[in-house]
Each structure stands twice: as C-alpha cells, then as structure tokens.
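Read the structure below first, then the notes.
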There are 2 protein chains.
Amino acid sequence: MDIKSAVTQLSSIAQEARLEIFRLLVQAGIEGLPAGSIGEKLDIPPSTLSFHLKELSQAGLIHSRQVSRFIYYTANYAAMNGLLAYLTENCCAGVTECCPDVTSCNPEKGNE
Amino acid sequence: MDIKSAVTQLSSIAQEARLEIFRLLVQAGIEGLPAGSIGEKLDIPPSTLSFHLKELSQAGLIHSRQVSRFIYYTANYAAMNGLLAYLTENCCAGVTECCPDVTSCNPEKGNE
DNA sequence: GCATTATTTCCATATTTATGGAAATATAGA
DNA sequence: TCTATATTTCCATAAATATGGAAATAATGC
C-alpha cells in the first residue's frame, strides 16, 4: 500500500459519522445493511448518508450490492486489514520483529 | 478509547504531510528529531510544519521536549498502539477471537 | 545586552469537506 | 402505466483544514 491510499482510507474513517457507519457495518457482518437502515440507526438524513457512503466506497473500505430496491453495504474486512497492516508497519518501522501481523481480521473463519 | 478520540487521532494522520512526519518519527526512534530536521528532510516550510506538529501533538500521537534551542519530537508509540487496538476491535466487533492483539509495538523491547 | 538560531504564532487566503433540502433516478408491485 | 419506496445527485451554504510569508518568541553564547 502506498501512502496516498493509506491517507485516503484513513480520511474516510477520520470522521465521526463515517467511523460509526463503518463500525455498524462491521457488526452487521458479511450480509451488511441497506442504506436506509444505516441512516435510521444512526439518524443521518439520506443525502448526507449517501455522501458518507460514497466516501467510504471510494476509499475501498466498504462495498455495495443491489438487492431488490435496497442497496446493501458491507464492510470490506480485507481493506481494513490492509490499512491496519500498513499502520503497524509504519508504527514499527525498523523494529518489525516486535509487531504482530494484523492480517486475520474477518467475519468468518475464512477470508472474503 | 472513545470514538471522538479515535477520530481525532485518525484525522491527525489522515494527511500526507503528517503521516510522513509520523513515519519519520517512528523511524527516528525514542530519541526523536528536532523540528528543523523534520522540515528539512520532508521539505516543509517552518510555519506549515509547526501547524502539522501541533495537530499531531494535540491528538497525542507525538510528544516534544526541549533540548537546548531545539525542540525534539518523538512518536508516541503507546498512543499508536491504542489507536490500532481500537481499530482492531472495531474491525472485528463480534468476532473478537479472530483478531490478534496489537499492543506490543514499541521501539525497544519494553514499553514506554 | 546583543546577535544568532530554532521554532512558533499571527494572519490572509485557498482549498477541501460536511450538511441537508429538493429534485432526479431506479426498482418493484398492483 | 401508475404509485410507492429506496437511494442518489444536484445545489447552495457553512465549516473546517491547509498553506506559507512575516513577525514574534525563546534559548544560547559572546
């Protein structure tokens, strides 16, 4: 991962509403949640929510899929793992041996 | 850690110049670097650098100490660990057992 | 005290980001 | 096709963040 991607991904969760959205989607698991449910649970108006979902999507931290009239959003666990790995490396540069790998974070036993 | 602190810390590194500064300080180890050296290495003018150092300081991700006329800045490894731990928890909420602890990142064998 | 060096603060400006109403788009069922 | 529902896009506005020159502050040695 290059520094620009890291900054983009960090920026996407460096905002309270978006970090809450991401956390909610992580909790929701691989099935995810439709936009409307997210907005309802977090009390965010549609256009504002859409803006934040776009930010997270463009950063690659969430995915979406259409199910009937609903658009389901899901956390991209692999992307979050990549970001954590990048930060861990940068946090520990030069002292790599002291840091655990952060590569096993996902909602099931396998990986998506 | 609460969500607001997490957002503050994330914001402080969600910017290219600041992430570079932090990375440089991590590499510099516990002795750190004086502001002037940071600005020189990263080619950032004094006032801009001072602004970014303040952001990182206020978020708690770096510390400073005066040594003669120089102000040495150091990475706060413990704070970074705390942030990584928060993200790991939030990334894995509900599936805690799949995530490694990220609590052992520091420049020496011990912890600061 | 004065000159030198290191860093910060002040300030104006530019840029980016966030907010949410209203309208547009898309999907599905009757 | 008409209607209802879900979501996005458009738009204006507000707020926060980033930049860097110039001046101010702080520390040191002579």
Side-chain angles (χ1 to χ4, degrees), chain A residues 3-25 28 31-76, chain B residues 3-25 28 31-76:
Chain A
I3 191 167
K4 289 189 194 300
S5 305
V7 167
T8 300
Q9 295 192 338
L10 285 169
S11 295
S12 79
I13 52 170
Q15 205 275 351
E16 193 166 343
R18 288 198 296 269
L19 187 51
E20 284 178 338
I21 291 168
F22 185 77
R23 183 160 60 169
L24 187 60
L25 291 178
E31 193 182 348
L33 287 172
S37 300
I38 300 170
E40 201 177 298
K41 280 177 206 281
L42 301 179
D43 197 31
I44 301 172
S47 58
T48 301
L49 177 65
S50 205
F51 167 77
H52 289 311
L53 289 172
K54 197 176 181 182
E55 291 289 306
L56 287 164
S57 292
Q58 286 176 344
L61 280 177
I62 63 174
H63 287 143
S64 64
R65 69 183 197 284
Q66 182 128 19
V67 178
S68 174
R69 271 183 295 195
F70 303 87
I71 296 180
Y72 275 73
Y73 284 90
T74 51
N76 181 353
Chain B
I3 193 168
K4 289 188 194 300
S5 305
V7 166
T8 300
Q9 295 192 337
L10 285 169
S11 296
S12 80
I13 53 170
Q15 205 275 351
E16 193 166 343
R18 287 198 296 268
L19 187 52
E20 285 178 339
I21 292 169
F22 185 78
R23 182 160 60 170
L24 186 61
L25 291 178
E31 192 180 349
L33 287 172
S37 300
I38 300 170
E40 201 176 299
K41 280 178 206 280
L42 301 179
D43 196 32
I44 300 172
S47 58
T48 301
L49 177 66
S50 205
F51 168 77
H52 289 311
L53 289 172
K54 196 177 181 181
E55 291 289 308
L56 286 164
S57 292
Q58 286 177 344
L61 280 177
I62 64 174
H63 287 144
S64 64
R65 69 183 197 285
Q66 182 127 21
V67 178
S68 174
R69 269 183 297 197
F70 303 87
I71 296 180
Y72 274 73
Y73 284 89
T74 51
N76 180 353

Distance in angstrom units between I44(A) CD1 and dG21(C) P, rounded: 13 Å
Letter by letter from the 5' end, nucleotides 1-14 of chain C scores (B base, S sugar-phosphate only, - none; protein heavy atoms under 4.0 Å) ---BBSSBB-----
First locate atom OG of S12(B), then atom CZ of F22(B), and finally report the distance between them rounded to the nearest 0.5 Å. 8.0 Å
Do I13(A) and Q9(A) come close enough that some side-chain heavy atom pair is under 4.5 Å? no
For DNA chain C, the residues among residues 5-20 of chain A that have a non-hydrogen atom under 4.0 Å from it: Q15(A), R18(A)
Nearest whole Å is fine: how far is dA6(D) C1' from R65(A) CZ? 15 Å
Between the axis at one end of the helix from dG1(C)-dC30(D) to dA30(C)-dT1(D) and the axis at the other (five pairs apiece), what's the angle to 10 degrees? 20°
What is the separation between atom CG on L42(A) and atom C1' on dG20(C), rounded to the nearest whole Å? 16 Å
Residues forming a side-chain contact (heavy atoms from CB on, under 4.5 Å) with K54(A), sequence neighbours excluded: Q58(A)
Any side-chain N or O of H52(B) under 4.0 Å from OP1/OP2 of dT19(D)? yes
Answer yes or no: are there more than 12 heavy-atom neighbours, outside Q66(A) itself, under 6.0 Å from its atom CD? yes
Taking C-beta and beyond as the side chain, do I3(B) and R23(A) meet within less than 4.5 Å on heavy atoms? yes
Heavy-atom nearest pair, L19(A) first then A6(B), reads CD2-CB, 4.1 Å
Once you round it to whole Å, what is the distance between P of dA26(C) and CD of Q66(A)? 10 Å
Quickly, which of L33(B), L56(B), L25(B) forms a side-chain contact (heavy atoms from CB on, under 4.5 Å) with Y73(B)? Name it, please. L25(B)
Kindly compute the distance separating OG1 (T74(A)) from NE2 (H63(A)), expressed to the nearest 0.5 Å. 6.5 Å
Please find the pair of heavy atoms, one from E31(B) and one from R65(B), that lie closest to each other, and give the distance. O-NH1, 3.0 Å
Listed partners of E16(A) passing salt bridge (charged side-chain N to carboxylate O under 4.0 Å, His left out), at least two apart: K4(B)
Mapping P45(A) and S68(A) to their closest nucleotides on DNA chain C, which lands nearer the 5' end? P45(A)
Under the side-chain contact (heavy atoms from CB on, under 4.5 Å) test, residues paired with L49(B) that sit two or more places apart: I21(B), A35(B), I38(B), I44(B), L53(B)
